[in-house]
Amino acid sequence: MHYTFNRVRIIRYLSIFEMVVGTNDGSPNFANLNELASETNGGQIVFATDDWFACAENLLKDTEPVFKPDLYTDFGKWMDGWETRRRRCQGHDWAVIALKKPSTIMGVCVDTAYFTGNYAPRFSIQAAKLTDEEAKLFPKRECKIGTAADKSQMEQVQRIDTQKWETLVPMTNLRAGYEETRLNYFNVFETGTWTHLRLNMFPDGGIARLRVFGFVTPDWEEVNSDELIDLMSAENGTVCESYSNAHYGHPRNLIKTERGINMGDGWETARRLDRPPILEADDSGVLQVPGNEWAIFRLGHVGEIHSIEVDTNFFKGNFPDSIKIEGVLADPNQDSRRWSWKTIMTPKKLSPHKQHFYSTDDLLSYGPITHVKLTMAPDGGISRVRMLGHISHVSELLR
Ligand SMILES: NC(=O)NC(NC(N)=O)C(=O)[O-]
């Protein structure tokens with residue numbers, strides 16, 4: 001069994017390693033992985049040395065940063081990010097982020113949007129795998145501008161084992177928050193499973209958002225093979241590997257744990273340009289429309305699916321006509337373009353703003369799979385997809 005896990009894990013690291021190569025739009029491929037620290041993925045600020053101008057919690061917002069030219073608070077200019085005071089004493093500012101689940105990190109993006117005369121000139125990122133006892137040592141936090149950590153809070157945090165903090169990105173210059181320079185991407189090559197991150201600003205200043213890309217690394221030894229789990233969930237290590245279109249929303253949103261918070265928190269494609277003026281349904285009622293959009297996910301563990309939920313929450317005028325679901329037990333030695341996908345669920349018509357539940361009776365029989373392909377026709381938006389199933393041990397099949 002161990003052999004299977006290690007082998008699958010090595011394959012996974014190799015294919016994720018390929019993701020550090022750049023893409024056409026200039027962002028590195030690792031930026032397609034899950035956003036581990038974001039608010040909607042359960043990331044949380046547990047400590048910040050200073051929140052004078054703007055709270056560290058803003059770093060984890062899912063939304064794009066905004067600038068409000070005329071908005072001032074009692075403490076200075078309102079900023080959509082984390083901004084500390086100009087330091088007049090030694091030291092530097094830092095914040096600690098708790099990840100919802102222990103994770104592997106492949107890259108980060110430090111977004112300095114709108115911080116121009118006040119951006120942090122240098123930063124670094126550290127990470128640690130803290131025990132539950134250590135995690136409890138952070139003082140109770142309340143996000144409040146115009147405040148800073150006091151002496152006793154600093155002392156309390158210093159009790160956490162400092163040996164545990166490994167450097168993921170060493171002290172590096174940042175660029176100012178102008179449109180062309182705001183996105184600062186960095187690969188992370190340090191392997192490990194981390195529960196907490198420490199963002200350091202040298203010496204002080206502002207950062208709009210911190211995006212942390214990677215995947216959750218569950219302890220599979222803890223999961224029983226007859227236990228039903230959501231095999232599609234990002235919290236169980238699943239990641240989106242590729243997709244045809246993500247114009248309004250990335251398919252990785254589909255695999256978040258909580259229900260969607262709005263239309264932006266789902267997978268939404270652009271309207272296809274080849275839409276015909278009149279659509280004809282076939283005998284089954286499924287529209288015969290040209291074109292479709294697809295997304296492929298690599299499961300956190302090989303598994304068999306028993307039931308599926310497709311949630312079109314918030315997609316009312318733009319839900320897809322239908323969805324088809326396929327799976328494959330991928331041969332790691334084969335080019336992914338040659339995988340033979342098997343149908344798990346034939347096209348099913350969807351309705352607006354609704355959770356659709358499909359039981360085993362609605363699914364075709366198939367074996368264990370490593371990857372899932374969702375195909376929506378012709379285009380539109382879906383909020384979440386969940387697939388309950390159990391993990392399988394398939395060393396024989398992978399050999
Ligand atoms: N105009 C500013 O942004 N000034 C200061 N920052 C805020 N947010 O007021 C500063 O000194 O960095």
Side-chain angles (χ1 to χ4, degrees), residues 27 35 37-41 43-98 108-126 138-154 157-158 167-186 196-212 261 264:
S27 62
E35 278 190 44
S38 70
E39 222 172 41
T40 55
N41 274 324
Q44 235 188 321
I45 300 290
V46 290
F47 182 74
T49 50
D50 184 311
D51 293 286
W52 187 269
F53 291 114
C55 280
E57 275 69 7
N58 292 329
L59 289 166
L60 311 185
K61 284 186 188 164
D62 287 82
T63 52
E64 279 285 288
V66 293
F67 188 69
K68 299 185 178 176
D70 301 324
L71 186 57
Y72 288 83
T73 71
D74 285 346
F75 305 100
K77 175 76 195 73
W78 179 90
M79 293 298 289
D80 189 8
W82 176 37
E83 189 187 350
T84 67
R85 281 172 294 186
R86 299 187 189 205
R87 264 185 181 264
R88 303 297 185 228
C89 57
Q90 64 178 43
H92 72 277
D93 287 311
W94 48 278
V96 178
I97 298 138
V108 296
C109 177
V110 183
D111 183 352
T112 57
Y114 305 112
F115 289 92
T116 53
N118 49 357
Y119 72 101
R122 285 170 297 283
F123 90 110
S124 77
I125 302 234
Q126 294 166 287
F138 292 102
K140 191 173 150 38
R141 175 168 166 84
E142 204 190 331
C143 162
K144 211 163 160 210
I145 56 169
T147 65
D150 62 27
K151 196 162 166 269
S152 83
Q153 290 170 327
M154 292 295 288
V157 171
Q158 270 143 15
T167 300
L168 300 192
V169 182
M171 196 197 291
T172 308
N173 288 345
L174 287 171
R175 297 173 304 167
Y178 300 105
E179 198 44 47
E180 333 66 67
T181 52
R182 55 177 268 220
L183 298 175
N184 299 262
Y185 286 100
F186 301 90
H196 289 73
L197 296 176
R198 178 171 151 157
L199 170 65
N200 300 293
M201 300 201 283
F202 301 103
D204 56 31
I207 293 174
R209 298 284 186 271
L210 174 69
R211 310 273 185 219
V212 178
I261 54 168

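Whatever order the structure lists ligands and atoms in, that order sets their numbers, starting from 1. We count residues from 1, following the sequence as given.
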Using a strict 4.0 Å cut-off to heavy atoms of Gly76, name the atoms of ligand 1 that fall inside it. 9 (O)
Only heavy atoms count here, so choose which of Asn118, Thr73, Thr116 is nearest to atom 3 (O) of ligand 1. Asn118
For atom 1 (N) of ligand 1, closest protein heavy-atom neighbour: Lys77 CB, 4.3 Å
Which pairs, with at least one residue in residues 110-125 and sequence neighbours excluded, count as a salt bridge (Lys or Arg N to Asp or Glu O under 4.0 Å)? Asp111-Arg182
Would you list the pairs meeting salt bridge (Lys or Arg N to Asp or Glu O under 4.0 Å) in which at least one residue belongs to residues 72-85, sequence neighbours left out? Asp50-Arg85, Lys61-Asp80, Asp80-Arg209
In terms of residue, atom name and distance, what is the protein heavy atom nearest to atom 12 (O) of ligand 1? Glu83 OE2, 3.1 Å
Does a donor on one side chain and an acceptor on the other come within less than 3.5 Å for Thr147 and Asp51? no
For atom 10 (C) of ligand 1, what's the nearest protein heavy atom and its distance? Arg86 NH2, 3.4 Å
If we only count heavy atoms from C-beta on, is the Met201 to Trp82 side-chain gap below 4.5 Å? yes
Using a 4.0 Å cutoff against the non-hydrogen atoms of Met79, which atoms of ligand 1 qualify? 8 (N)
Where does the angle between the aromatic ring planes of Phe138 and His196 fall among parallel (under 30°), tilted (30 to 60°) and perpendicular (over 60°)? parallel
